[in-house]
Amino acid sequence: MTRKPIAQLARKYTEYDMIARHTDLPEFPEGRVRLLQAVLADLQEMGGQAELYPLATSLVQLGLDTHDLVENEESGAKAQTKQMRARQMKVLAGDYFSGRFYHLLSQAGQIETVKRLSEAVCEVNRIKMSLYGKMKQMRMNAEEYVSYGSAIRGVLFMSFGHLMNGMYAKLWPELVERFSRCELLLQELLRLQRPDELSGSWGVWHVMGEGSAEDRRALEERADDHGLLRQLMDKYGVADKLVAQLRQSAGQLQAMLPKLPSDKLAAELASLIEPFLQGPAWVPAAAIKELG
């Protein structure tokens, strides 16, 4: 049976007219959602839940990610009326997505899944508070940043481990963790092409851990100086280090595929991993192959 892409099913909610007209939404969590859908679909007893669970989870994730956009935007007197309206709409959109997930699952009688996803949301928020606290105090290092970021991305999806058995149950936590790590590292590489998004990035914490005392002090004093950030990213070879980490993590993820009980599932997951092995378009292919 042909499966419908979850992103297509979610458009009913994400392309809601009022939201589309007044604000931008975060990127749809395509990779993790397809990972969950593929594994659940391979479990014969899942039936229609192989679409329902990923759809509901994608809406919860969108709700969390949309609220994160609000936290990262400028507020107060400096914000213009249009910006304030967009902020308000993001808050409402995040609440709307969260409400839709509850409605979908409760209508299907999936109260236990509502409970598990709600507990996962609480855990995501707990991890975020710990992350933000360390970042504010400048007590973060680059590896901690990746660990926190991977956990934040993966917690909702980890909550479905109880539905799996045998090798699926054994591999699922590591699959989610590795996949989330690859997604984060790829995102950090893409941020290097957007200087206005470098503040608080992996590169900053790498310099804070490995840089000279002078450079660390400059970062603390001028954390929003785009020119300084760009200069330090180049000086400390942040792009090369991120490519190396991404390649390593993608290779570890790829090495898990032969352990999967289904060749069909392994082939499907291989296609999801391919973007991590290739890296961003702006990274020379030779660099990726050399690091591999």
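Reckoned from all heavy atoms, side chains included, excluding hydrogens, waters and symmetry mates.
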Measuring from Ser201:OG to Leu198:CG, what's the distance to the nearest 0.5 Å?
5.0 Å
Minimal non-hydrogen separation, Leu36 against Pro54, with atom names
CD2-CA, 3.9 Å
Using modelled atom types only, decide if a donor and an acceptor are shared between the side chain of Ser150 and the backbone of Ser147 within a distance under 3.5 Å.
no
Apply the side chain to side chain donor-acceptor pair (under 3.5 Å) test between Tyr145 and each candidate in Glu188, His206, Lys134; give the one that qualifies.
Glu188
Could you report the tightest heavy-atom contact between Asp42 and Ser262, atom names first, then the distance?
OD2-CB, 3.0 Å
Salt bridge between Lys264 and Glu268, side-chain N to carboxylate O under 4.0 Å?
no
Side-chain donor/acceptor of Ser159 to backbone N/O of Leu156, under 3.5 Å:
yes
Given the rule in the side-chain contact (heavy atoms from CB on, under 4.5 Å) test, do Leu229 and Leu219 qualify, once you have shown the distances and angles that lead to the verdict?
CA-CA 8 Å; Leu229 291 171; Leu219 263 183; 3.4 Å; yes
Can you tell me how far the SG atom of Cys182 sits from the CD atom of Glu177, to the nearest 0.5 Å?
9.0 Å
Please report the C-alpha distance between Leu59 and Ser98 in whole Å, then the side-chain angles of each, then the deciding distance to 0.1 Å, and finally whether the side-chain contact (heavy atoms from CB on, under 4.5 Å) criterion is met.
CA-CA 6 Å; Leu59 294 176; Ser98 298; over 6 Å; no
When rounded to the nearest 0.5 angstrom, what is the spacing between CG in Leu171 and CG in Leu269?
10.5 Å
Got a donor-acceptor contact below 3.5 angstrom from the Glu144 side chain to the Asn141 backbone?
yes
Hey, which of Leu185, Val238, Leu189 is the one that makes side chain to side chain contact (heavy atoms under 4.5 Å, CB included) with Val243?
Leu189
Is a donor on one side and an acceptor on the other found under 3.5 Å between the side chain of Arg230 and the backbone of Leu192?
yes
Distance col, row Ile273:CD1 vs Met256:CE, nearest 0.5 angstrom, shows 9.0 Å
Side-chain heavy-atom pair Phe157, Leu35 within 4.5 angstrom cut-off
no
Should we say atom CD of Glu220 is surrounded by more than 12 heavy atoms from elsewhere, each under 6.0 Å from it?
yes
Could you give me the CA-CA distance, side-chain angles and deciding distance for Leu260 and Leu175, then say whether side-chain contact (heavy atoms from CB on, under 4.5 Å) is met?
CA-CA 10 Å; Leu260 293 171; Leu175 271 175; 4.1 Å; yes
Should the pair Arg217-Glu214 be classified as a salt bridge under the 4.0 Å nitrogen-to-oxygen rule?
no
Taking the side chain as everything from C-beta on, heavy atoms only, tell me whether Leu277 gets closer than 4.5 Å to Gln254.
yes
With a 4.0 Å cut-off, would you call Arg181 and Glu143 a salt bridge?
yes
Trace of the salt bridge (Lys or Arg N to Asp or Glu O under 4.0 Å) decision for Glu119 with Arg116
CA-CA 5 Å; Glu119 290 173 347; Arg116 287 181 180 272; 5.9 Å; no
Yes or no on side-chain contact (heavy atoms from CB on, under 4.5 Å) for Leu265 and Tyr168, after CA distance, side-chain angles and deciding distance?
CA-CA 11 Å; Leu265 176 61; Tyr168 292 98; 3.7 Å; yes
Could you label the plane-to-plane angle of the Phe276 and Phe179 rings as parallel, tilted or perpendicular, counting under 30° as parallel and over 60° as perpendicular?
perpendicular
Keeping the roles fixed (side chain from Ser58, backbone from Leu55), state whether a donor-acceptor pair exists under 3.5 Å.
yes
Considering all heavy atoms of both residues, which atom of Ser130 and which atom of Tyr148 are nearest to each other, and what is their separation?
OG-OH, 2.9 Å
Result for side chain to side chain contact (heavy atoms under 4.5 Å, CB included) between Leu64 and one of Ile152, Val121, Val155 points to Val121
Would you say that more than 12 heavy atoms from the other residues, nucleotides or ligands in this model lie under 6.0 Å from the CG of Asp196, or not?
yes
Correct closest heavy-atom pair for Arg34 and Ser271 would be NH2-OG, 4.0 Å
Kindly state each residue pair satisfying ring-ring contact (aromatic ring centres under 6.0 Å, His included) with at least one member in residues 25-57, sequence neighbours excluded.
Tyr53-Phe160
Between Leu190 and Arg194, is any pair of side-chain heavy atoms under 4.5 Å apart?
yes
Between atom CD of Gln110 and atom CG of Leu117, what is the distance when rounded to the nearest 0.5 Å?
10.5 Å
Could you give the distance from CH2 (Trp172) to CE (Met167), rounded to the nearest 0.5 Å?
15.5 Å
Quick check: does any side chain N or O of Arg100 sit under 3.5 Å from a backbone N or O of Asp95, one acting as donor and the other as acceptor?
no
Heavy-atom nearest pair, Gly94 first then Thr66, reads N-CG2, 3.9 Å
Step through the shown structure and confirm whether more than 12 heavy atoms of other residues, nucleotides or ligands are within 6.0 Å of OH on Tyr236.
yes
What closest approach, in Å, do Leu184 and Gly149 show between heavy atoms, and which atom pair accounts for it?
CD2-CA, 3.9 Å
